[in-house]
Amino acid sequence: MDKTPNHALSPMPCPVALEDVDLFEPGAAEHWYEAYDILHREAPVLRLADEGLTPDKDAFILTKHADISRVVKDWERFPPTLSLLVDQIEATGSLPQEMPDLDAMIISICSLRPTPELWRAHRQELTDPWVGPGAGRHREMITDHVDFLIDQWIADREVDFVRQFARPLPQRTMASVLGFPLEDVARLEIWGNAQVMSYVHGCGHNNKLTPEQAREKFRLLDGFSDYVRQKTREKRASPQDDMVSFLTQVHYQALDRKLTDDEINGVVYAMVIGGLETTQYAICEQAQLICERPGLFQELKADRSLIRGFIEEGMRLRSPTQGLSTRITSRDEIFQGVKVPAGSSLHLRWGAANIDPDEFEDPKELKPDRKAVTRHLAFSAGPRVCPGAGLSRLEQTIAWNRLLDRLDDIQFGLDNDFLHQPGIMLGTNRLNLTFTPA
C-alpha cells in the first residue's frame, strides 16, 4: 500500500498546474507534495502580492533548499520577524509585560535574547543542558514513558497510534523535563494547543487568527502563565532535578544575573510550543513510512544502526513543520532569478526544500544510509536552529528502539483516511495500526 500525504482523501482537488497551487487553502495539506513538484518546476520563488507585513509589501514563498539555507544562516541580511517586533516594542518605551496581546515567549525575548549573540548564549547556557546536547540525561525517563505507553495497548494487537502513543509521549516527556506532575498533562495539552492555535487555525502564510480566536488563545494562555508562575515559586523555594528548578537557580552569565519569573515563564512557553506537536508528527509519519514499505520494519529490527538514518530521512520526507513566514529581506535580493525587494516577507517552505531534487538524489526515496543524512531543514539551521532538536531526536530514537524490541511487525489498520489537521504542520489526525507483539 503506497500512502503518501499528498494522496489522501480530500475535498480539495489535487493541483495539476501552477494556477491551482495554494499552500494555505483549507485542505491544501492533502496535496502539498504535488504542489511542491509544481513549484520546483515552475515557480521556485512564488510572489504573494500585498501579503507582506504591511499592505504595501509582498511576501514570497521560497521552496529551494539552497535559498532557504542561505536565509536562515544570515540573521543580519534576513532578520527574523520576531526581532523586528522586539525593536518595535523597545521603541515604544513601554515594558513588554505591560503591553496587550504579547505571549510570554515574546516578552522574555525582549530581555533574554534580542540579539544573535544573546540568542546563542540563551541556548548554550539555558536550554542546551536540558533539551540540546544535554538531552541524554533524560534517556531512562523517556524509556520509562515509552514502555508505559506500549504496556497500555500491546495486548490489544491494535492501536490508535496518534492518541495512544505519538501524542502522549512528548507530552509526558516535556512535563518530566520541566518538572511538572504527570497528572497535569491533560492541562498542558490544552495550553499547548492554545500556543499553536495560530499555526493550526490561522489564515494565510501569516497564520492570522480572527479577533475571537485571538481572545480565546490569550484567555487560555493566561491560565498557563498562572500555572508556570506557581510552579516557579515552588521550585525557587524547593528546587528539584528539573529544568524549571534549574532556571530558578542558574546565574545567567550572558547578563550576569539570575532570571526573573517572567523570563522563566517565556523559556517554558518556548519549550512547550516547540516540544510537543512536532515530535508527535515526526513519530506518526515515521510509522506510516514503515507501513508503506514492506520489509523496512524487519530491516530496522535486525540492524539498529539504521534507526538514526531512518529518523532523519523520515523528518526530511515528511517535515513536521512544513513552512513558516519568519524572515524579512533587509535589502533587495534575487532568488532563482526573481527580484525580491527589501522589506518583503519570506515564507520558508521547509517541506519543499527537503525534497528539492537539486539538493537530494532520489528526493522522495527513503535512504537511511544517505550521505550527510542530517542536512535536511526540518529543524531549520543557523543561529536559530531548533533548540530542542536533541530531545526530539532522542525521543524518536528511544521510541523506535523499544517499538522494534516489543513488536514483530506493524501494518495499517482499518478505517484510516489519512487526513491532516489544518495549518502549516503535517499532523495526521489519527492512525490506526495493527501489530504482532514480540
Side-chain angles (χ1 to χ4, degrees), residues 18-19 21-24 35-36 38-94 96 99 101-103 105-106 109-110 113-120 122 198-199 202-209 321-354 356 358-359 377 379-386 424:
L18 183 58
E19 57 265 28
V21 172
D22 183 344
L23 300 181
F24 312 105
Y36 298 159
I38 295 171
L39 291 174
H40 282 154
R41 186 173 61 247
E42 300 182 36
V45 180
L46 183 65
R47 175 173 172 257
L48 302 176
D50 306 322
E51 293 192 29
L53 288 182
T54 56
D56 60 321
K57 300 293 185 180
D58 297 332
F60 292 83
I61 299 173
L62 304 186
T63 58
K64 300 296 286 182
H65 187 282
D67 291 338
I68 295 176
S69 183
R70 176 162 71 97
V71 168
V72 298
K73 292 176 181 178
D74 194 333
W75 181 309
E76 180 180 356
R77 191 162 182 164
F78 306 100
T81 52
L82 272 180
S83 67
L84 299 183
L85 177 59
V86 170
D87 291 343
Q88 292 173 0
I89 292 170
E90 291 180 348
T92 67
S94 301
M99 303 178 71
D101 297 340
L102 290 182
D103 62 48
M105 184 175 69
I106 294 174
I109 286 174
C110 291
R113 44 181 175 149
T115 66
E117 295 75 22
L118 284 173
W119 196 283
R120 189 179 303 111
H122 179 283
S198 301
Y199 304 119
C203 293
H205 76 98
N206 283 319
N207 314 118
K208 292 182 178 179
L209 294 174
T321 301
Q322 290 280 300
L324 287 171
S325 295
T326 59
R327 295 296 180 110
I328 302 293
T329 54
S330 64
R331 65 191 77 173
D332 293 346
E333 300 285 352
I334 296 179
F335 294 102
Q336 307 295 323
V338 176
K339 294 181 179 179
V340 177
S344 300
S345 298
L346 299 179
H347 179 80
L348 310 181
R349 202 66 186 187
W350 325 105
N354 285 335
D356 181 357
D358 290 334
E359 179 69 21
L377 295 170
F379 291 117
S380 187
R384 284 171 54 90
V385 68
C386 175
I424 50 83

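- Between the side chain of Ser344 and the backbone N or O of Ala59, no donor-acceptor pair lies under 3.5 Å.
- Here the closest non-hydrogen pair linking Leu118 and Pro114 is CD1-CD, 3.6 Å.
- Ring orientation note: the planes of Phe335 and Phe78 are tilted relative to one another, at an angle of 30° to 60°.
- Annotation for Ser83 and Pro79: closest pair OG-CB, 3.9 Å, computed over non-hydrogen atoms.
- Thr321 and Trp350 make their closest contact through O-CD1, 3.1 Å (heavy atoms, listed as atom of the first residue, atom of the second, distance).
- Between Lys64 atom NZ and Arg70 atom CZ the span is 14.0 Å, to the nearest 0.5 Å.
- Listed here is the closest heavy atom pair of Leu377 and Ala353: CD1-CB, 4.1 Å.
- With values rounded to the nearest 0.5 angstrom, Ile61 atom CD1 is found 6.5 Å from Leu39 atom CG.
- Residues Ile328 and Ser345 have side chains in contact (heavy-atom distance under 4.5 Å, counting atoms from C-beta outward).
- Classified by interplanar angle (parallel below 30°, tilted 30° to 60°, perpendicular above 60°), the ring pair Phe24/His205 is tilted.
- Distance check: His40 NE2 to His65 NE2 gives 10.5 Å after rounding to the nearest 0.5 Å.
- Proximity of Leu102 to Ile89: side-chain heavy atoms (C-beta onward) are separated by under 4.5 Å at one or more points.
- Note that OG1 of Thr92 and CG of Asp87 are 11.5 Å apart. Values are rounded to the nearest 0.5 Å.
- The CD1 atom of Ile68 sits 10.5 Å away from atom CG of Leu324, with the distance rounded to the nearest 0.5 Å.
- Ser330 has its side chain out of reach of Trp75: every pair of non-hydrogen atoms, C-beta onward, lies at least 4.5 Å apart.
- Ile424 has its side chain within reach of Arg349: a pair of non-hydrogen atoms, C-beta onward, lies under 4.5 Å apart.
- Annotation for Gly52 and Asn206: closest pair O-ND2, 4.1 Å, computed over non-hydrogen atoms.
- Leu23 and Ala35 make their closest contact through CD2-CB, 3.8 Å (heavy atoms, listed as atom of the first residue, atom of the second, distance).
- A 4.5 Å side-chain heavy-atom check between Asp356 and Thr63 finds every atom pair outside the cut-off.
- Taking 4.5 Å as the limit, some side-chain heavy atom of Cys110 sits within range of a side-chain heavy atom of Val86.
- To the nearest 0.5 angstrom, Leu46 atom CG is 9.5 Å from Asp22 atom CG.
- When side chains are defined from C-beta on, Asp332 does not count as touching Val340, because their heavy atoms never get closer than 4.5 Å.
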Evaluate Val338 against Arg47 for side-chain contact (heavy atoms from CB on, under 4.5 Å), listing each step before the verdict. CA-CA 9 Å; Val338 176; Arg47 175 173 172 257; over 6 Å; no

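- In this structure, the side chains of Pro383 and Trp119 stay at 4.5 Å or more apart for every pair of heavy atoms.
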